[in-house]
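These numbers come from a predicted model, not from an experiment. Numbering of residues begins at 1 and proceeds along the displayed sequence.
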Amino acid sequence: MVDAELRDKILAALHRKVLDIPVVAVTGGKGGVGKSTIAINIAAGLAEMGHKVALMDADVEAPDDHIMLGITLEKPLDITINVPDVDAGKCTGCRICVDICRRNALFQPREGVPVLIGDCNGCEACMLACPEGALGKEGKKIGETYVSERDRLLLFTGKLLPAIEESSMVVSALRDRLCASGTGADLVLVDTSPGIHCNVINALRGADAVYAVTEPTTLGAHDLERTLKLLGILGLSSHLILNFSDLPGPREKIAAMARALDAEISCELPVDEQVLKSHVEGVPAVSMFPDAVSSVCMRRIAEDIATEYLQ
(Lines give C-alpha, C1' and ligand atoms only; values in the text may rest on other atoms or scores of the structure.)
Protein backbone atom coordinates (compact mmCIF):
# COMPACT_ATOMS: atom_id res chain seq x y z
CA MET A 1 0.00 0.00 0.00
CA VAL A 2 1.15 3.53 -0.81
CA ASP A 3 1.03 5.75 2.28
CA ALA A 4 -1.02 8.96 2.18
CA GLU A 5 1.97 11.33 2.06
CA LEU A 6 3.58 9.51 -0.87
CA ARG A 7 0.25 9.28 -2.67
CA ASP A 8 -0.22 13.05 -2.33
CA LYS A 9 3.26 13.65 -3.76
CA ILE A 10 2.58 11.32 -6.70
CA LEU A 11 -0.73 13.04 -7.48
CA ALA A 12 0.86 16.48 -7.16
CA ALA A 13 3.52 15.48 -9.70
CA LEU A 14 0.91 13.91 -11.98
CA HIS A 15 -1.25 17.01 -12.01
CA ARG A 16 1.49 19.63 -12.09
CA LYS A 17 0.25 22.46 -14.30
CA VAL A 18 2.49 23.19 -17.27
CA LEU A 19 0.09 25.60 -18.96
CA ASP A 20 -1.59 28.39 -17.03
CA ILE A 21 -4.97 27.69 -18.65
CA PRO A 22 -7.78 25.26 -17.79
CA VAL A 23 -7.57 21.67 -19.00
CA VAL A 24 -10.77 19.64 -19.42
CA ALA A 25 -10.70 16.00 -20.55
CA VAL A 26 -13.28 13.74 -22.19
CA THR A 27 -12.74 10.04 -21.56
CA GLY A 28 -14.55 6.70 -21.39
CA GLY A 29 -13.84 3.08 -20.64
CA LYS A 30 -15.63 1.64 -23.66
CA GLY A 31 -14.95 2.35 -27.31
CA GLY A 32 -17.81 3.43 -29.52
CA VAL A 33 -19.79 5.41 -26.94
CA GLY A 34 -19.35 8.74 -28.75
CA LYS A 35 -16.47 10.17 -26.73
CA SER A 36 -14.80 11.85 -29.71
CA THR A 37 -18.14 13.11 -31.03
CA ILE A 38 -18.78 14.86 -27.75
CA ALA A 39 -15.23 16.20 -27.50
CA ILE A 40 -15.21 17.80 -30.96
CA ASN A 41 -18.67 19.30 -30.47
CA ILE A 42 -17.75 20.80 -27.09
CA ALA A 43 -14.62 22.25 -28.70
CA ALA A 44 -16.62 23.62 -31.63
CA GLY A 45 -19.23 25.04 -29.26
CA LEU A 46 -16.60 26.86 -27.22
CA ALA A 47 -14.97 28.20 -30.40
CA GLU A 48 -18.34 29.51 -31.64
CA MET A 49 -18.72 31.32 -28.31
CA GLY A 50 -15.51 33.22 -29.11
CA HIS A 51 -13.04 31.19 -27.07
CA LYS A 52 -9.81 29.90 -28.58
CA VAL A 53 -9.62 26.15 -27.93
CA ALA A 54 -6.72 23.72 -28.24
CA LEU A 55 -8.20 20.25 -28.82
CA MET A 56 -5.72 17.45 -28.15
CA ASP A 57 -6.63 14.16 -29.85
CA ALA A 58 -4.77 11.78 -27.54
CA ASP A 59 -6.38 8.62 -28.94
CA VAL A 60 -3.09 8.07 -30.73
CA GLU A 61 -3.82 4.51 -31.88
CA ALA A 62 -6.92 5.62 -33.79
CA PRO A 63 -7.06 9.44 -34.02
CA ASP A 64 -10.21 10.59 -35.82
CA ASP A 65 -11.10 14.05 -34.50
CA HIS A 66 -9.73 15.62 -37.69
CA ILE A 67 -12.13 13.53 -39.79
CA MET A 68 -15.21 14.56 -37.78
CA LEU A 69 -14.06 18.19 -37.89
CA GLY A 70 -13.30 18.07 -41.62
CA ILE A 71 -9.74 19.25 -40.93
CA THR A 72 -6.64 18.11 -42.82
CA LEU A 73 -3.69 16.99 -40.69
CA GLU A 74 -0.88 19.53 -41.08
CA LYS A 75 2.65 20.29 -39.90
CA PRO A 76 3.79 16.69 -39.24
CA LEU A 77 6.63 16.14 -36.79
CA ASP A 78 8.30 12.76 -36.27
CA ILE A 79 8.52 11.19 -32.82
CA THR A 80 11.64 9.09 -32.32
CA ILE A 81 13.21 7.08 -29.52
CA ASN A 82 16.78 5.87 -29.08
CA VAL A 83 17.33 2.13 -29.54
CA PRO A 84 20.68 0.34 -29.03
CA ASP A 85 23.19 0.08 -31.86
CA VAL A 86 25.80 -2.57 -30.96
CA ASP A 87 29.46 -1.89 -31.80
CA ALA A 88 30.82 -5.39 -32.47
CA GLY A 89 34.39 -4.16 -32.04
CA LYS A 90 33.79 -3.12 -28.42
CA CYS A 91 31.32 -5.83 -27.33
CA THR A 92 32.78 -8.60 -25.12
CA GLY A 93 29.60 -10.70 -25.00
CA CYS A 94 29.15 -10.18 -21.24
CA ARG A 95 25.32 -10.27 -21.57
CA ILE A 96 24.78 -7.44 -19.07
CA CYS A 97 22.67 -5.52 -21.60
CA VAL A 98 20.60 -8.64 -22.35
CA ASP A 99 19.95 -9.39 -18.68
CA ILE A 100 19.02 -5.82 -17.75
CA CYS A 101 16.42 -5.40 -20.49
CA ARG A 102 13.03 -5.80 -18.82
CA ARG A 103 11.30 -6.22 -22.19
CA ASN A 104 13.64 -8.99 -23.38
CA ALA A 105 14.25 -6.95 -26.50
CA LEU A 106 17.91 -8.03 -26.81
CA PHE A 107 19.02 -11.54 -27.77
CA GLN A 108 22.56 -12.90 -27.34
CA PRO A 109 23.36 -15.62 -29.93
CA ARG A 110 26.04 -18.20 -29.21
CA GLU A 111 28.24 -16.59 -31.80
CA GLY A 112 28.27 -12.84 -32.26
CA VAL A 113 27.00 -9.75 -30.48
CA PRO A 114 23.56 -8.98 -28.97
CA VAL A 115 20.78 -8.39 -31.49
CA LEU A 116 17.71 -6.20 -31.02
CA ILE A 117 14.72 -8.48 -31.69
CA GLY A 118 11.94 -7.16 -29.43
CA ASP A 119 9.96 -3.97 -29.05
CA CYS A 120 12.43 -1.57 -27.44
CA ASN A 121 10.81 1.33 -25.57
CA GLY A 122 13.90 3.52 -25.64
CA CYS A 123 14.62 3.45 -21.89
CA GLU A 124 18.40 3.26 -22.63
CA ALA A 125 19.11 1.07 -19.57
CA CYS A 126 21.23 -1.27 -21.69
CA MET A 127 23.38 1.62 -22.90
CA LEU A 128 23.96 2.87 -19.37
CA ALA A 129 24.77 -0.62 -18.06
CA CYS A 130 27.28 -1.64 -20.73
CA PRO A 131 30.77 -1.56 -19.09
CA GLU A 132 32.52 -1.30 -22.48
CA GLY A 133 30.41 1.51 -23.94
CA ALA A 134 29.58 -0.81 -26.82
CA LEU A 135 25.99 0.32 -27.23
CA GLY A 136 25.41 3.46 -29.22
CA LYS A 137 22.12 5.17 -29.99
CA GLU A 138 20.09 4.75 -33.14
CA GLY A 139 16.92 6.74 -33.76
CA LYS A 140 13.69 4.85 -34.36
CA LYS A 141 10.47 6.53 -35.47
CA ILE A 142 7.41 5.51 -33.42
CA GLY A 143 4.83 8.06 -34.51
CA GLU A 144 4.00 11.60 -35.55
CA THR A 145 2.30 14.69 -34.18
CA TYR A 146 0.33 17.23 -36.19
CA VAL A 147 -1.02 20.73 -35.65
CA SER A 148 -4.00 21.94 -37.68
CA GLU A 149 -5.99 25.15 -37.31
CA ARG A 150 -9.45 26.30 -38.27
CA ASP A 151 -10.81 29.63 -37.08
CA ARG A 152 -10.55 29.61 -33.27
CA LEU A 153 -9.91 25.88 -33.02
CA LEU A 154 -6.41 24.40 -32.86
CA LEU A 155 -6.23 20.63 -33.29
CA PHE A 156 -3.21 18.75 -31.92
CA THR A 157 -3.13 15.16 -33.15
CA GLY A 158 -0.86 12.26 -32.22
CA LYS A 159 -0.52 9.16 -34.36
CA LEU A 160 1.22 5.93 -33.32
CA LEU A 161 2.83 3.87 -36.08
CA PRO A 162 1.34 0.38 -36.63
CA ALA A 163 2.88 -2.49 -34.60
CA ILE A 164 4.41 -0.08 -32.06
CA GLU A 165 3.45 -0.56 -28.41
CA GLU A 166 4.63 2.66 -26.78
CA SER A 167 1.49 4.76 -27.23
CA SER A 168 2.09 6.68 -24.00
CA MET A 169 5.32 8.11 -25.45
CA VAL A 170 3.33 9.53 -28.38
CA VAL A 171 0.86 11.09 -25.92
CA SER A 172 3.80 12.65 -24.06
CA ALA A 173 5.29 14.01 -27.27
CA LEU A 174 1.89 15.41 -28.27
CA ARG A 175 1.49 17.12 -24.91
CA ASP A 176 5.03 18.53 -25.12
CA ARG A 177 4.32 19.96 -28.56
CA LEU A 178 1.11 21.58 -27.35
CA CYS A 179 2.83 23.08 -24.31
CA ALA A 180 5.73 24.41 -26.38
CA SER A 181 3.55 25.84 -29.14
CA GLY A 182 2.51 29.10 -27.49
CA THR A 183 -1.02 28.60 -28.81
CA GLY A 184 -2.62 31.50 -26.98
CA ALA A 185 -5.57 29.20 -26.33
CA ASP A 186 -8.06 29.95 -23.56
CA LEU A 187 -8.59 26.26 -22.74
CA VAL A 188 -7.24 22.82 -23.58
CA LEU A 189 -9.76 20.08 -24.28
CA VAL A 190 -8.29 16.55 -24.23
CA ASP A 191 -9.91 13.64 -26.07
CA THR A 192 -8.39 10.50 -24.54
CA SER A 193 -8.40 6.98 -25.90
CA PRO A 194 -10.91 4.53 -24.39
CA GLY A 195 -9.82 2.41 -21.44
CA ILE A 196 -7.87 2.87 -18.22
CA HIS A 197 -4.33 2.11 -19.39
CA CYS A 198 -1.15 4.18 -19.19
CA ASN A 199 -1.75 6.44 -22.19
CA VAL A 200 -5.19 7.40 -20.79
CA ILE A 201 -3.58 8.25 -17.44
CA ASN A 202 -0.91 10.22 -19.30
CA ALA A 203 -3.56 12.14 -21.25
CA LEU A 204 -5.38 13.02 -18.01
CA ARG A 205 -2.33 14.67 -16.45
CA GLY A 206 -3.05 18.23 -15.35
CA ALA A 207 -6.79 18.01 -15.99
CA ASP A 208 -9.02 20.30 -13.94
CA ALA A 209 -12.17 18.29 -14.70
CA VAL A 210 -13.12 15.16 -16.62
CA TYR A 211 -16.28 14.21 -18.49
CA ALA A 212 -16.74 10.43 -18.60
CA VAL A 213 -18.89 9.21 -21.50
CA THR A 214 -20.89 5.98 -21.40
CA GLU A 215 -24.03 4.34 -22.77
CA PRO A 216 -26.92 2.55 -21.01
CA THR A 217 -25.74 -0.99 -21.77
CA THR A 218 -24.31 -3.72 -19.56
CA LEU A 219 -20.88 -3.25 -21.13
CA GLY A 220 -21.15 0.51 -20.80
CA ALA A 221 -21.96 0.21 -17.09
CA HIS A 222 -19.09 -2.23 -16.52
CA ASP A 223 -16.51 -0.02 -18.19
CA LEU A 224 -17.89 3.16 -16.64
CA GLU A 225 -17.30 1.75 -13.16
CA ARG A 226 -13.65 1.11 -14.01
CA THR A 227 -13.27 4.61 -15.44
CA LEU A 228 -14.83 6.31 -12.41
CA LYS A 229 -12.66 4.26 -10.05
CA LEU A 230 -9.56 5.35 -12.01
CA LEU A 231 -10.62 9.00 -11.81
CA GLY A 232 -11.14 8.58 -8.08
CA ILE A 233 -7.64 7.14 -7.65
CA LEU A 234 -6.23 10.06 -9.63
CA GLY A 235 -8.14 12.56 -7.51
CA LEU A 236 -10.03 14.00 -10.49
CA SER A 237 -13.52 15.44 -10.33
CA SER A 238 -15.77 13.74 -12.85
CA HIS A 239 -19.04 14.44 -14.62
CA LEU A 240 -20.98 11.76 -16.47
CA ILE A 241 -22.45 12.05 -19.95
CA LEU A 242 -24.98 9.33 -20.84
CA ASN A 243 -24.94 8.98 -24.61
CA PHE A 244 -27.60 7.06 -26.59
CA SER A 245 -29.72 7.60 -23.49
CA ASP A 246 -32.94 6.31 -25.06
CA LEU A 247 -31.52 2.82 -25.60
CA PRO A 248 -33.00 0.18 -23.28
CA GLY A 249 -30.51 -0.75 -20.58
CA PRO A 250 -29.44 -0.54 -16.92
CA ARG A 251 -29.98 3.21 -16.46
CA GLU A 252 -30.71 2.90 -12.74
CA LYS A 253 -27.55 0.87 -12.21
CA ILE A 254 -25.51 3.57 -13.94
CA ALA A 255 -27.15 6.35 -11.93
CA ALA A 256 -26.57 4.48 -8.65
CA MET A 257 -22.95 3.78 -9.59
CA ALA A 258 -22.37 7.44 -10.39
CA ARG A 259 -23.76 8.50 -7.02
CA ALA A 260 -21.67 5.90 -5.17
CA LEU A 261 -18.49 7.08 -6.91
CA ASP A 262 -19.12 10.83 -6.43
CA ALA A 263 -20.04 11.55 -10.04
CA GLU A 264 -23.15 13.14 -11.43
CA ILE A 265 -24.98 12.77 -14.73
CA SER A 266 -24.47 16.14 -16.39
CA CYS A 267 -26.17 15.40 -19.68
CA GLU A 268 -28.21 12.74 -21.47
CA LEU A 269 -27.93 12.55 -25.25
CA PRO A 270 -30.45 10.47 -27.24
CA VAL A 271 -29.70 8.54 -30.41
CA ASP A 272 -29.64 11.35 -32.98
CA GLU A 273 -29.68 10.83 -36.74
CA GLN A 274 -28.49 14.37 -37.30
CA VAL A 275 -25.26 13.65 -35.42
CA LEU A 276 -24.64 10.74 -37.79
CA LYS A 277 -25.25 13.03 -40.77
CA SER A 278 -22.76 15.52 -39.36
CA HIS A 279 -20.13 12.76 -39.25
CA VAL A 280 -20.70 12.04 -42.94
CA GLU A 281 -20.21 15.71 -43.81
CA GLY A 282 -17.24 16.24 -41.49
CA VAL A 283 -18.95 19.15 -39.73
CA PRO A 284 -19.66 19.29 -35.98
CA ALA A 285 -23.34 18.79 -35.19
CA VAL A 286 -23.46 22.02 -33.14
CA SER A 287 -22.59 23.91 -36.34
CA MET A 288 -24.51 21.84 -38.91
CA PHE A 289 -27.65 21.19 -36.87
CA PRO A 290 -27.65 23.80 -34.10
CA ASP A 291 -31.26 23.06 -33.08
CA ALA A 292 -30.87 19.28 -32.80
CA VAL A 293 -31.48 17.87 -29.32
CA SER A 294 -27.90 16.57 -29.08
CA SER A 295 -26.46 19.88 -30.29
CA VAL A 296 -28.38 21.81 -27.64
CA CYS A 297 -27.10 19.43 -24.94
CA MET A 298 -23.48 19.57 -26.10
CA ARG A 299 -23.59 23.35 -26.40
CA ARG A 300 -24.90 23.50 -22.84
CA ILE A 301 -21.88 21.48 -21.68
CA ALA A 302 -19.65 23.98 -23.49
CA GLU A 303 -21.47 26.83 -21.74
CA ASP A 304 -21.05 25.13 -18.36
CA ILE A 305 -17.31 24.75 -19.00
CA ALA A 306 -17.03 28.40 -20.08
CA THR A 307 -18.92 29.56 -16.99
CA GLU A 308 -16.74 27.46 -14.68
CA TYR A 309 -13.32 28.12 -16.22
CA LEU A 310 -13.39 31.02 -18.66
CA GLN A 311 -15.20 33.82 -16.83
Side-chain angles (χ1 to χ4, degrees), residues 2 6-31 33-40 42-43 46 53-65 143 145 154-160 165-180 183 185 187-214 220 223-241 243 257-258 261-264 266 301-302 304-305 308-309:
V2 177
L6 179 56
R7 179 181 182 276
D8 290 344
K9 289 181 179 179
I10 292 171
L11 290 179
L14 182 72
H15 297 307
R16 181 175 62 87
K17 298 290 287 185
V18 178
L19 293 172
D20 191 25
I21 56 175
V23 177
V24 176
V26 179
T27 193
K30 181 181 178 297
V33 296
K35 174 182 56 60
S36 293
T37 297
I38 290 167
I40 66 112
I42 292 174
L46 286 166
V53 182
L55 174 61
M56 187 173 99
D57 188 353
D59 187 359
V60 299
E61 295 184 42
D64 56 13
D65 287 4
T145 60
L154 277 165
L155 177 63
F156 290 79
T157 303
K159 184 183 289 187
L160 181 74
E165 293 184 13
E166 296 304 320
S167 57
S168 188
M169 290 187 172
V170 177
V171 175
S172 292
L174 179 63
R175 178 187 298 279
D176 290 345
R177 186 170 185 184
L178 188 155
C179 291
T183 62
L187 177 139
V188 174
L189 187 67
V190 181
D191 180 15
T192 80
S193 64
I196 55 173
H197 42 87
C198 57
N199 68 348
V200 174
I201 295 171
N202 199 1
L204 293 172
R205 287 168 53 201
D208 296 291
V210 181
Y211 285 83
V213 183
T214 192
D223 289 349
L224 172 66
E225 182 177 21
R226 292 161 61 81
T227 295
L228 293 180
K229 285 182 176 178
L230 171 66
L231 297 177
I233 291 170
L234 298 179
L236 290 167
S237 62
S238 56
H239 308 274
L240 176 59
I241 297 175
N243 201 15
M257 181 192 305
L261 295 171
D262 295 324
E264 60 180 29
S266 299
I301 297 172
D304 289 345
I305 291 171
E308 178 73 19
Y309 298 106

### Query
Between Thr214 and Gly220, is there a donor-acceptor pair closer than 3.5 Å when you use the side chain of the first and the backbone of the second?
yes
### Query
Taking C-beta and beyond as the side chain, do Leu154 and Leu178 meet within less than 4.5 Å on heavy atoms?
no
### Query
Under the 3.5 angstrom rule, does the side chain of Asn202 hit a backbone N or O of Ser168 as a donor-acceptor pair?
yes
### Task
Not counting sequence neighbours, which residues clear side chain to side chain contact (heavy atoms under 4.5 Å, CB included) with Pro22? List them please.
Leu187, Asp208, Tyr309, Leu310
### Query
What's the spacing between Leu160 CG and Met169 CE if we round to 0.5 Å?
11.0 Å
### Query
At what distance, to the nearest 0.5 angstrom, does CD1 of Ile38 lie from CG of Asn243?
4.5 Å
### Nearest-0.5 Å distance, CG of residue Leu230 to CG of residue Leu236
8.0 Å
### Task
Could you list the residues that satisfy ring-ring contact (aromatic ring centres under 6.0 Å, His included) with Tyr211, not counting sequence neighbours?
His239
### Query
Could you walk me through whether Asn199 and Glu61 pass the side chain to side chain contact (heavy atoms under 4.5 Å, CB included) check?
CA-CA 10 Å; Asn199 68 348; Glu61 295 184 42; 4.1 Å; yes
### Query
Is Arg226 reaching over with its side chain to a backbone N or O of Gly29, donor-acceptor style, under 3.5 angstrom?
no
### Task
Starting at CG of Asp57, measure out to CG of Leu174 and round the result to the nearest 0.5 Å.
8.0 Å
### Task
Could you pull out the closest heavy-atom pair between Ser238 and Leu231, with the gap in Å?
CB-CD1, 3.5 Å
### Task
Would you name the heavy atoms of Ala302 and Ile42 that are closest together and state the gap between them?
CB-O, 3.8 Å
### Task
State whether the side chain of Arg205 and the backbone N or O of Arg175 hold a donor-acceptor pair below 3.5 Å, judged by distance alone.
no
### Message
For the backbone of Gly206 and the side chain of Lys17, can you confirm whether one donor and one acceptor N or O come within less than 3.5 Å of each other?
### Response
yes
### Exercise: identify the closest heavy-atom pair between Leu228 and Ala258
CD1-CA, 4.2 Å
#### Entry: Taking every non-hydrogen atom, the tightest pair across Ala212 and Leu224
CB-CD1, 4.3 Å
### Task
Could you pull out the closest heavy-atom pair between Leu204 and Ala25, with the gap in Å?
CD2-CB, 3.6 Å
### Query
Are Asp191 and Pro63 side-chain neighbours, meaning at least one heavy-atom pair lies under 4.5 Å?
no
### Message
Exactly one of Thr37, Val213, Val190 should register a side chain to side chain contact (heavy atoms under 4.5 Å, CB included) with Val26. Which one does?
### Response
Val213
### Task
Please test Thr157 against Asp65 for side chain to side chain donor-acceptor pair (under 3.5 Å), starting from the C-alpha separation and ending with a verdict.
CA-CA 8 Å; Thr157 303; Asp65 287 4; over 6 Å; no
### Message
As an exercise, state the distance from CZ of Arg177 to CE of Met56, rounded to the nearest 0.5 Å.
### Response
13.0 Å
### Task
Using the test side chain to side chain donor-acceptor pair (under 3.5 Å), find all partners of Thr27 that sit at least two apart in sequence or belong to another chain.
Thr192
### Task
For residues Ala58 and Val171, report the shortest heavy-atom separation together with the two atoms involved.
O-CG2, 3.8 Å
## Note on the structure
Taken to the nearest 0.5 Å, the spacing of Ile201 CD1 from Ile233 CD1 works out to 8.0 Å
